[in-house]
Amino acid sequence: MRVPMFKSAAAVAALLSSLMLPGLALAEGAITVIDPYARSSTMMSASGAAFMVIENHSTADDRLVSASADIAERVELHTHIADTNGVMQMIEVPEGFVIPAGGSHALQRGADHVMFLGLTRPLAQGDIIPVTLTFETAGEVVVEVPVDLERKPMHGQMQGKMQMGAPSN
């Protein structure tokens, strides 16, 4: 009788492990970041920005709620909106950005992005900036963001989602 119990216990343990491991892997890899890069408009700029595509591989929406980096005194989530005269303004988005379940959200020039305010040093071509993105559900995700001062404004952007007339950063 002891052998059947052992076999049953082993079967139950194997079943539980197989059910738990995919969930654990999903939780660890629910958020991925594609094509990150950072830039400033000039070497003497006091501010810069980071752009990327954030993918959510989970079955529930998540929200990017903040970002941090040692490169700046403050790091904020920003977007561009048109005022009543149609003039584009950059504003902070304290509630962050929803990353839809099974979908993605582009942080791109002229739209949503991570803003570095009060740069502690100039952004130089090829530098790598560690940026910590904080999500409501996924928690912290550290991204190594290369500085790319040569990238053209439309490079890496999904043109079908661009608003016409929005200025570049």
Side-chain angles (χ1 to χ4, degrees), residues 20-80 88 90-163 166-169:
M20 291 171 61
L21 289 177
L24 181 62
L26 182 59
E28 289 178 355
I31 298 291
T32 56
V33 174
I34 307 298
D35 194 27
Y37 74 100
R39 61 175 290 110
S40 59
S41 55
T42 69
M43 286 294 290
M44 299 307 293
S45 293
S47 62
F51 311 97
M52 63 200 75
V53 175
I54 302 170
E55 295 180 337
N56 179 356
H57 301 283
S58 76
T59 58
D61 290 355
D62 204 340
R63 180 180 294 271
L64 174 62
V65 294
S66 67
S68 62
D70 291 340
I71 191 75
E73 294 170 9
R74 285 190 349 254
V75 180
E76 298 176 349
L77 302 177
H78 279 203
T79 195
H80 286 88
M88 297 302 286
M90 186 170 36
I91 62 165
E92 183 179 9
V93 183
E95 69 276 11
F97 310 122
V98 172
I99 316 300
S104 64
H105 185 82
L107 303 185
Q108 58 192 12
R109 291 171 162 182
D112 299 341
H113 58 278
V114 175
M115 190 75 194
F116 304 123
L117 300 165
L119 290 174
T120 57
R121 64 179 173 83
L123 299 182
Q125 179 71 21
D127 283 355
I128 301 293
I129 304 168
V131 177
T132 301
L133 304 175
T134 304
F135 297 87
E136 268 181 353
T137 304
E140 292 185 346
V141 175
V142 177
V143 181
E144 298 291 315
V145 180
V147 174
D148 186 350
L149 303 174
E150 299 170 356
R151 190 178 293 218
K152 303 295 181 219
M154 296 301 288
H155 181 84
Q157 295 184 10
M158 294 177 270
Q159 293 188 26
K161 294 188 177 184
M162 283 294 297
Q163 292 181 321
S168 297
N169 286 357

Participant: Below 4.5 Å, heavy atoms only, C-beta onward: do V147 and I129 meet side chain to side chain?
Facilitator: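 Sidechains of I129 and V147: in contact.
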
Participant: Do the non-hydrogen side-chain atoms of V141 and F135 ever get within less than 4.5 Å of each other?
Facilitator: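 A side-chain contact under 4.5 Å exists here.
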
Participant: Calculate, to the nearest 0.5 Å, the distance between atoms CG and CG belonging to L64 and N56 respectively.
Facilitator: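 L64 atom CG to N56 atom CG measures 11.5 Å (nearest 0.5 Å).
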
Participant: Measuring from atom CD1 of I99 to atom CZ of R63, what distance do you get when rounded to the nearest 0.5 angstrom?
Facilitator: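 Answer rounded to 0.5 Å: 9.0 Å.
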
Participant: Test the R151-Y37 pair against the cation-pi criterion, namely NZ or CZ under 6.0 angstrom from the six-membered ring centroid and within 45° of the ring axis.
Facilitator: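 Cation-pi check for R151 and Y37: passes.
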
Participant: Kindly indicate whether the side chain of V53, heavy atoms from C-beta on, has any atom under 4.5 Å from the side chain of L107.
Facilitator: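 No; the side chains remain at least 4.5 Å from each other.
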
Participant: Identify the two heavy atoms, one from S40 and one from S47, that lie closest to each other, and give their separation to 0.1 Å.
Facilitator: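 Minimum heavy-atom contact is CB-O, 3.4 Å.
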
Participant: Is a side-chain donor-acceptor pair under 3.5 Å present for E55 with S104?
Facilitator: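 E55 and S104 do not have a side-chain donor-acceptor pair below 3.5 Å.
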
Participant: Do other residues, nucleotides or ligands put more than 12 heavy atoms under 6.0 Å from the CG atom of D61?
Facilitator: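 Yes.
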
Participant: Are the side chain of T134 and the backbone of A67 linked by a donor-acceptor contact shorter than 3.5 Å?
Facilitator: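 Side chain of T134 to backbone of A67: no pair is present.
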
Participant: With side chain to side chain contact (heavy atoms under 4.5 Å, CB included) as the criterion, how do T32 and H57 come out once you've worked through the C-alpha distance, each side chain's angles and the decisive distance to 0.1 Å?
Facilitator: CA-CA 8 Å; T32 56; H57 301 283; 2.8 Å; yes

Participant: Is there side-chain contact between F51 and R39, with at least one heavy-atom pair below 4.5 Å?
Facilitator: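 Yes, close enough: below the 4.5 Å cut-off.
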
Participant: Nearest heavy-atom pair of P146 and P36: which atoms, and what distance?
Facilitator: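 For P146 versus P36, the nearest heavy atoms are CD-O, 3.4 Å.
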
Participant: If you compare all heavy atoms of P130 against all heavy atoms of E144, which two are closest, and at what distance to 0.1 Å?
Facilitator: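 Result for this residue pair: CB-OE2, 3.8 Å.
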
Participant: Treating H113 as the side-chain partner and A111 as the backbone partner, does any N or O pair qualify as donor plus acceptor under 3.5 Å?
Facilitator: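 Yes, the answer is positive, given that a donor and an acceptor are paired below the 3.5 Å cut-off.
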
Participant: Got a sec, which residues hit ring-ring contact (aromatic ring centres under 6.0 Å, His included) with F97, two or more places apart in sequence or on another chain?
Facilitator: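 F97: ring-ring contact (aromatic ring centres under 6.0 Å, His included) contacts with H105.
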
Participant: Got P122 and M44 here, is their nearest side-chain heavy-atom distance under 4.5 Å?
Facilitator: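 No, every pair of side-chain atoms sits at 4.5 Å or beyond.
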
Participant: Any idea which heavy atoms bring A69 and V131 closest together, and the distance?
Facilitator: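 Closest approach of A69 to V131, heavy atoms only: CB-CG2, 4.2 Å.
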
Participant: Measuring from atom OG of S66 to atom CD of E76, what distance do you get when rounded to the nearest 0.5 angstrom?
Facilitator: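 Answer for the OG-CD pair, S66 versus E76, is 11.0 Å.
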
Participant: In this structure, which one of I71, T42, D148 forms a side-chain contact (heavy atoms from CB on, under 4.5 Å) with L123?
Facilitator: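 By the side-chain contact (heavy atoms from CB on, under 4.5 Å) criterion, L123 pairs with just one of I71, T42, D148: I71.
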
Participant: Between D62 (side chain only) and E136 (backbone N and O only), is there a donor and an acceptor less than 3.5 Å apart?
Facilitator: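 Answer holds: yes.
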
Participant: Applying side chain to side chain contact (heavy atoms under 4.5 Å, CB included) to E95 and V65, what does each step give before you reach the verdict?
Facilitator: CA-CA 6 Å; E95 69 276 11; V65 294; over 6 Å; no

Participant: Within the 4.5 Å heavy-atom criterion, are V114 and V75 side-chain neighbours or not?
Facilitator: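 Side chain of V114 against side chain of V75, heavy atoms only: contact under 4.5 Å found.
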
Participant: Quick check for you: to the nearest 0.5 Å, what is the distance between M52 atom CE and L133 atom CG?
Facilitator: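 So the gap between those two atoms works out to 5.5 Å.
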
Participant: Is there a donor-acceptor pair closer than 3.5 Å between any side-chain N or O of E92 and the backbone N or O of H78?
Facilitator: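 Not confirmed, E92 side chain does not pair with H78 backbone.
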
